[in-house]
**Student:** 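Below is one structure. I have some questions about it.
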Amino acid sequence: MKLSASDFIQRKGVKPIPMLTAYTCPVARGIEEAGVPVILVGDTVGMVEMGFDSTRDVTIEHMEYHIGAVRRGAKETHIIGDLPYLTDANPEIALASARRLMAAGADSIKLEGPKLDVIEHLVANGIPVVGHTGLTPQTAESFKKVGNTSEDAQRILDEALAIQQAGAFMLVIEHVPATLGLSITQSLRIPTIGIGAGPDCDGQVLVINDAMGLGDYWPPFSKQYAHASKIILKVATEFASEVETMEFPNNILQFTGTGRR
Ligand code: KIV
């Protein structure tokens, strides 16, 4: 059953919330089958799937494409769509962008930073909003941890409270000290979802490519549950060799398959 914004608020303090990013249909299908209640189609897609150096290169069309693919794979899961860089530049632009992502299949929208007028406008127009504080990659100068000084920690805590006040139903906190993750979580009535924000958030999110070990760099706060890059190398090497030796296609093996294609 697809969870709503108010279901997530009610879950705070009751049961931790796992969240994964996804960008494609089969990955989304696997995440839904595993019972993960919420998928983020993040603008990380630009860096982990599209080969850009920054999430700033991601466009609204890219996000529509990936949200559509994820929705087709995960029909019963709450999907958060990320508003890409500058598509939330002011309340009207943000509303038009958010409507495009909702039409593509998102159930709610995430945006970075304390854009309080934007959040208020989206919520007033019926768009459920997820905030994002701490490290905000669209405008950050580096990917280093933030909130290390007491002044910066206080600024981020104040931002979190303001984002909640503006109407967000959930808050992603990225790459801050665990003590700050805890104090934000204790100060808010909406659930916090940490990524590199310590163990005390109401939920945790990982970028699926990091969790799968796909790529060649993973942030220090992620965990690799598999090493998919090695599997790709093995598959490609064996396939190339079998074509060259003319073993394939005489040796076709079908391990699984649902007969969907
Ligand atoms: O874009 C994204 O995937 C994100 C996560 C890192 C939280 O914002």
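Every number for a ligand or one of its atoms is a count from 1 in the order of the listing. Position 1 is the first residue of the sequence; numbering continues from there. On a predicted model such as this, the values are computed, not experimentally measured, just so you know.
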**Student:** Which residue and atom name correspond to the protein heavy atom nearest atom 3 (O) of ligand 1, and how close is it?
**Tutor:** T44 OG1, 2.5 Å
**Student:** Taking the inter-plane angle between the rings of F52 and H62 on a 0 to 90° scale, is it parallel (under 30°), tilted (30 to 60°) or perpendicular (over 60°)?
**Tutor:** tilted
**Student:** Nearest protein heavy-atom contact for atom 8 (O) of ligand 1: which residue, which atom, what distance?
**Tutor:** K110 NZ, 2.9 Å
**Student:** Determine the sole option in D57, V45, T55 for which the side-chain contact (heavy atoms from CB on, under 4.5 Å) test with M50 is passed.
**Tutor:** V45
**Student:** Which atoms from ligand 1 have a heavy atom of H132 less than 4.0 Å away?
**Tutor:** 8 (O)
**Student:** Same cluster or not: V36 versus V205, using hydrophobic residues (I, L, V, M, F, W, Y) connected whenever any side-chain heavy atoms lie under 4.5 Å apart?
**Tutor:** yes
**Student:** Return a yes/no value for T21: is any of its N or O atoms, backbone included, closer than 3.5 angstrom to an N or O of ligand 1?
**Tutor:** no
**Student:** Does D82, backbone or side chain, put an N or O under 3.5 Å from an N or O of ligand 1?
**Tutor:** yes
**Student:** Taking the basic N atoms (NZ, or NE/NH1/NH2) and the acidic carboxylate oxygens, is any pair closer than 4.0 Å for D107 and R71?
**Tutor:** yes
**Student:** What atoms of ligand 1 come closer than 4.0 angstrom to any heavy atom of G42?
**Tutor:** 1 (O), 2 (C), 3 (O)
**Student:** Taking I232 as the starting point, is it possible to reach Y23 by hopping between hydrophobic residues whose side chains are less than 4.5 Å apart?
**Tutor:** yes
**Student:** Above 12 or not: heavy atoms from other molecules or residues under 6.0 Å from CD of E61?
**Tutor:** yes
**Student:** Starting from atom 4 (C) of ligand 1, locate the nearest protein heavy atom and write down its residue, its atom name and how far away it is, to 0.1 Å.
**Tutor:** L40 CD2, 3.6 Å
